[in-house]
Amino acid sequence: MVTYEMIFERNRKWVADMKAKDANFFDKLARDQTPDYLYIGCSDSRVPANEIMGLEPGDVFVHRNVANLVNNTDLNVMSVINFAVKHLDVKHIVVCGHYDCGGVKAAMIPKDMGLLNPWLRTIRDVYRMHHEELDAIKDERLRYNRLVELNVKEQATNVIKTANVQKGYQKKGYPIVHGWVFDLHTGIVIDLNINFEGILKEIQKIYDLTGMASEHNEDGD
Ligand code: CO
């Protein structure tokens with residue numbers, strides 16, 4: 001086990017290592033942040049955003065919660081998206097789930113989970129929306145893992161539903177929203193290649209927050 005004291009020793013060593021690589025590293029770090037990426041992932045300790053993306057401090061703005069959910073009434077994640085798009089001007093937003101996610105598994109257990117009920121219900125809702133596909137998968141682990149992928153897609157869609165993303169994309173051509181899954185067994189990040197433009201066009205039939213709905217109607221969309 002890493003003791004509490006060891007954390008500080010490791011921190012000092014990390015400072016020395018970073019300075020050895022670049023003497024001005026912390027001067028630059030303190031100046032400002034201009035990350036191109038917003039990462040929304042699971043709180044799971046085995047899925048650290050910077051490490052799996054090979055990025056340094058300053059390269060990625062990070063939000064993590066249980067099972068990487070993007071709930072529209074969650075002031076925390078909505079503030080993160082707002083800040084990242086409007087002020088940091090990020091070019092890409094990634095929702096990254098991971099196979100063997102404990103949050104997704106917990107949502108599939110039919111019992112009262114107390115405070116976690118409303119949180120896990122979002123995942124149960126994803127199951128309900130895709131129950132025919134999921135119920136056809138006989139292997140339990142494969143079924144969970146497919147739910148992990150579908151959950152990523154739904155949460156990425158929730159990101160696309162936000163006014164910040166819709167207006168930003170209309171004005172600047174970004175941010176682009178992506179869905180990824182991290183495989184704990186291999187360390188590989190899998191791009192689910194969600195169709196950002198297609199989902200945007202589809203959801204804007206109902207969730208258009210750009211104020212351009214009339215133009216869309218004239219196009220017969
Ligand atoms: Co997880």
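First listed ligand is number 1; within each ligand, the first listed atom is number 1.
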- [ ] Give the minimum heavy-atom separation between Asp59 and Glu56, together with the two atoms involved.
- [x] OD2-N, 2.8 Å
Determine, for [X] against [Y], whether the closest basic-nitrogen to carboxylate-oxygen distance falls under 4.0 angstrom.
X	Y	answer
Lys28	Asp22	yes
Arg141	Asp139	no
Asp17	Lys13	yes
Arg12	Glu9	no

TODO: Run through the protein N/O/S atoms less than 2.8 Å from the Co ion (ligand 1) and write them out by chain and number.
DONE: Cys42 SG, His98 NE2, Cys101 SG
Task: Hydrophobic cluster partners of Leu55 (side-chain heavy atoms under 4.5 Å) - done: Tyr37, Tyr39, Val47, Ile52, Met53, Val60, Val62, Val94, Trp180, Phe182, Leu184, Val189
